[in-house]
**Q** 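Pasting in a structure now, in structure tokens, and then I'll have a few things to ask.
None of these values were measured; they are calculated from a predicted model. FYI, side chains are in, hydrogens and waters are out, and symmetry mates aren't considered; it's all heavy atoms of this structure. Lettering of chains follows the sequences in order, A, B, ..., and the numbering in each one begins at 1.
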2 protein chains.
Amino acid sequence: MKIKDIAKLAGVSPATVSRVMNNNGYVKHDKRQAVEKVIREVGYQPNEIAKSLKNQKSHMIGVIVPKISTETASRVVDGITEVAKQHNYQLIIANTNLQIEEEIKYLKFLSNKLVDGIIMMATEVTAEHKKLAQSLAIPIVMVGQQVEGFTSIVHDDYRAAKLMIDHIIACGHKNIGFIGVDPKDVAVGQVRKQAYIDRLHEAGLSVDLDLIGIGDFSIESGYKQMEALLTRGKPTAVMAVTDHLAIGAIHCLHDHGLSVPNDVSVAGLGDVKLAKYFSPPLTTVHYGFKTSGMVAAEHVFDMIKQNQVDSDKVVIDFEVKIRKSVANLKTMRDLQSL
Amino acid sequence: MKIKDIAKLAGVSPATVSRVMNNNGYVKHDKRQAVEKVIREVGYQPNEIAKSLKNQKSHMIGVIVPKISTETASRVVDGITEVAKQHNYQLIIANTNLQIEEEIKYLKFLSNKLVDGIIMMATEVTAEHKKLAQSLAIPIVMVGQQVEGFTSIVHDDYRAAKLMIDHIIACGHKNIGFIGVDPKDVAVGQVRKQAYIDRLHEAGLSVDLDLIGIGDFSIESGYKQMEALLTRGKPTAVMAVTDHLAIGAIHCLHDHGLSVPNDVSVAGLGDVKLAKYFSPPLTTVHYGFKTSGMVAAEHVFDMIKQNQVDSDKVVIDFEVKIRKSVANLKTMRDLQSL
DNA sequence: TTGTAAGCGTTATCAC
DNA sequence: GTGATAACGCTTACAA
């Protein structure tokens, strides 16, 4: 059923039907009624593809994510959908499974008039990414990593990690371990580690390489790195760069008969939904991922509307969540001396 | 940059360029070379919208989910993406936030030539859903709920829940509580509850209404329902219809100074990623959500290819995960008598 | 082997 | 107010 058919049935021209559908131009009351009646009766729905082609607007934005089945990604996507809905936009999502060529491929593919804008959650951003992205006519915003020349929605990873270490130091810990990830991921792999190192230095504590382990993003990896740390040194506290890593570490500690936090404290970063339900409830930093998504979407829509590209950097709030997985050595000592 | 421009630059007709791009029809070697060279040089990418309009195929499938930031949904979507990729299809996802009118709306919207098929994760399926869905020309498959007249990808919720209760009974429990959800969700709200009731009857145990609580899908709700159960009766074990509910229940028990599983056993259903890292590790049933998604996608593509609609019911495997949150009363007694 | 032109379903311009 | 008609960028008969 196309516009022509409706026109015929209503005894008007296609143009009139179009005018009725889009509420623009003058249409006499009775004709409008007639058209609306037919539309209702046959349940006509316009062909969105044809509209897109004609209007040069698809009313879709592309979202490139490393892995949708990740809490971080799905929370960001959740935020994006929410504001997309307000703008009557649909999301077309591309799951790259962390493969960099896939990201490039989708960036190209999506930009061919298929979408009016792109939101990209990149882990690693290469020069090729940047060059390609810059060559595209449509607005692109980056989430999670700051990328030169693009509007980037980020959390202040440096400050967040530093405040976490702050808290650990304030609890009286001196041998503080670190479990991180590959530095290819700048925000998580580099920035958070740098914060750790800087904060230790500031506190006059030495950075012990034996107390640093680098894994990937899996829980198992947290377990393994913790195990390695245990053979190499004697940390009283460990900060993991991710809640999953922290959970793996805690599990390892338990398996080794160590109590968290009485024997070793563990802190995470990210505040996954279940973090507070663990035992001990995980001390971590809450990142507003959904907010990131919403803000990212708002920026894309601004750029679409104004038909121009900007390159802000917007920093989303975080919140340190002090729970039970980091022990206060001072109060523990006080308790023991009683 | 459109096909016409490429044609001009390469000194051929648009038709030839199209033939080169799609590898069909005869094109002389040198012309092909020339065209390919230009394409490469200008980085030409065809307009996918125009292709869709002409080909009457969008190479996109629509995915309607209640809430993407849910582990269940995102695992299903993960599976869908994986097979979509093999077929060179993109996903356009619609997040309904559990609102039924949204589902209807998207069902209509997506079907207007925008997508070649739809995968729907519905919680509640009304008559209106069915009628509308049936009127659409494109293939639709349902995930998570069996819907008459549609290919439905489901888990055997009845058997899964029954086996879980089985295990609980086998552990010597007699006062078994139940935390469920609204029956509007047939699979989770009705079927799992029925399994609980039936299994108790089969075992000759009476069903005590005071030991049944109905909440929603939130962790907090599990907490509240558990609290209510505690005031009304004295269960030695509780099955929650969802891991989140179970986690809430466990939390409540802990807050009341009760040990899980020594005082009260708790089982969940679903096996969220972190379930095995809880303490105690959660006894639950693993559902292959990613597999559901993959199978759903395969069915959609079959139907798209064969250009016909079928209405299978396919049942995805599950696996009972016996961990530590359900105690064996018999061995406990043996231990005590030593 | 290649080019011309019609057509996919809309919308917008321009006559009337 | 309304209706032809060209155009959006592509593919595919059909002609040459």
Side-chain angles (χ1 to χ4, degrees), chain A residues 1-36 38-39 42-60 88 90 108-116 137-138 307, chain B residues 1-36 38-39 42-60 88 108-116 137-138:
Chain A
M1 191 59 73
K2 46 191 176 186
I3 224 173
K4 236 179 174 173
D5 303 318
I6 304 299
K8 214 168 287 175
L9 288 172
V12 298
S13 75
T16 301
V17 177
S18 173
R19 284 192 266 259
V20 171
M21 294 282 310
N22 301 294
N23 270 317
N24 63 11
Y26 299 97
V27 180
K28 238 197 215 147
H29 188 65
D30 54 337
K31 293 225 176 200
R32 159 162 276 130
Q33 297 261 304
V35 172
E36 279 170 349
V38 175
I39 289 176
V42 307
Y44 169 70
Q45 297 265 142
N47 181 318
E48 297 293 334
I49 297 280
K51 287 176 73 159
S52 299
L53 179 59
K54 180 65 204 181
N55 297 333
Q56 301 288 66
K57 264 220 161 14
S58 68
H59 276 256
M60 299 201 283
N88 259 298
Q90 295 296 318
K108 276 189 196 152
F109 175 84
L110 290 176
S111 64
N112 309 316
K113 308 277 91 196
L114 235 179
V115 297
D116 302 340
I138 60 174
N307 205 22
Chain B
M1 191 60 72
K2 47 191 174 184
I3 223 175
K4 236 180 175 174
D5 303 319
I6 304 297
K8 214 168 286 174
L9 287 173
V12 298
S13 76
T16 301
V17 176
S18 173
R19 285 192 264 260
V20 171
M21 294 281 311
N22 301 294
N23 269 317
N24 64 9
Y26 301 96
V27 180
K28 238 199 215 143
H29 189 66
D30 54 337
K31 294 224 176 199
R32 159 162 277 130
Q33 298 261 303
V35 172
E36 280 169 349
V38 176
I39 289 176
V42 308
Y44 170 70
Q45 296 267 142
N47 181 318
E48 297 293 335
I49 296 280
K51 286 176 74 158
S52 299
L53 180 58
K54 179 67 205 181
N55 297 333
Q56 301 289 65
K57 262 215 161 18
S58 68
H59 277 256
M60 300 201 282
N88 258 299
K108 277 189 195 151
F109 176 82
L110 289 177
S111 63
N112 309 316
K113 309 275 91 199
L114 234 178
V115 297
D116 301 339
I138 59 174

**Q** As a test of reading the structure: which of C/dT10, C/dG3, D/dC10 is closest to the side chain of A/Pro46, going by heavy atoms?
**A** C/dT10

**Q** Taking the nucleotide of DNA chain D with the closest heavy atom to each, which residue, B/Arg19 or B/Glu48, is nearer the 5' end?
**A** B/Glu48

**Q** For the side chain of B/Lys28, starting at C-beta, report the closest nucleotide among D/dT12, C/dT10, C/dT1.
**A** C/dT1

**Q** Just so I know, are the side chains of B/Tyr44 and B/Val38 near enough to count as touching, which here means a heavy-atom distance under 4.5 Å?
**A** no

**Q** Between C/dT10 atom C1' and A/Met1 atom CE, what is the distance in whole Å?
**A** 16 Å

**Q** Nearest to the side chain of A/Ile3, which nucleotide is it out of D/dG3, D/dC10, C/dT10?
**A** C/dT10

**Q** Given atom OH of A/Tyr26 and atom C1' of D/dG3, what is their separation to the nearest angstrom?
**A** 17 Å

**Q** Applying a 4.0 Å non-hydrogen cut-off, can you work out what A/Thr16 is touching in the nucleic acid: base, sugar-phosphate, or nothing?
**A** sugar-phosphate

**Q** Check the distance between D/dC10's C1' and B/Asp5's CG and give it to me in whole angstrom.
**A** 13 Å

**Q** Tell me: CG of A/Asn22 to P of C/dT10, nearest whole Å?
**A** 11 Å

**Q** Rounding to a whole Å, what distance do you find between A/Gln33:CD and D/dG1:C1'?
**A** 16 Å

**Q** Has A/Gln56 got a side-chain N or O lying under 4.0 Å from the OP1 or OP2 atom of C/dT11?
**A** no

**Q** Does a side-chain N or O of A/Tyr44 approach OP1 or OP2 of C/dG9 to a distance below 4.0 Å, or not?
**A** no

**Q** If I take atom NZ in residue A/Lys113 and atom C1' in nucleotide D/dA7, what distance separates them, rounded to the nearest angstrom?
**A** 16 Å

**Q** Would one find a side-chain N or O of A/Lys31 under 4.0 angstrom from OP1 or OP2 of D/dG3?
**A** yes

**Q** Any side-chain heavy atom of B/Asp116 sitting closer than 4.5 Å to one from B/Ile138?
**A** no

**Q** Show your working on side-chain contact (heavy atoms from CB on, under 4.5 Å) between A/Ile6 and A/Met21 and close with a plain yes or no.
**A** CA-CA 11 Å; A/Ile6 304 299; A/Met21 294 282 310; over 6 Å; no

**Q** Do the side chains of B/Asn47 and B/Lys2 get nearer than 4.5 Å, heavy atoms only?
**A** no

**Q** Does A/Lys2 put a side-chain nitrogen or oxygen below 4.0 Å from OP1 or OP2 of C/dG9?
**A** yes

**Q** Select one nucleotide: of D/dC10, D/dG9, C/dT11, the one nearest the side-chain heavy atoms of A/Leu53.
**A** D/dG9

**Q** Roughly, in whole Å, what's the span from CD1 in B/Ile6 to P in D/dG9?
**A** 13 Å

**Q** Between B/Asn23 and B/Arg32, is there a side-chain heavy-atom distance shorter than 4.5 Å?
**A** yes

**Q** Under 4.0 angstrom, heavy atoms only, what part of the nucleic acid is B/Lys4 near: base, sugar-phosphate, or nothing?
**A** nothing

**Q** Taking only side-chain N and O atoms of B/Asn47, does any of them lie within less than 4.0 angstrom of OP1 or OP2 on D/dC8?
**A** no

**Q** In whole angstroms, how far is the C1' atom of D/dC10 from the CG atom of A/Leu114?
**A** 13 Å

**Q** Kindly indicate whether the side chain of A/Pro46, heavy atoms from C-beta on, has any atom under 4.5 Å from the side chain of A/Lys51.
**A** yes

**Q** Any side-chain N or O of A/Lys54 less than 4.0 Å from the OP1 or OP2 oxygen of C/dT13?
**A** no

**Q** Closest nucleotide of DNA chain C for B/His29 versus for A/Val17: which of these residues is on the 5' side?
**A** B/His29

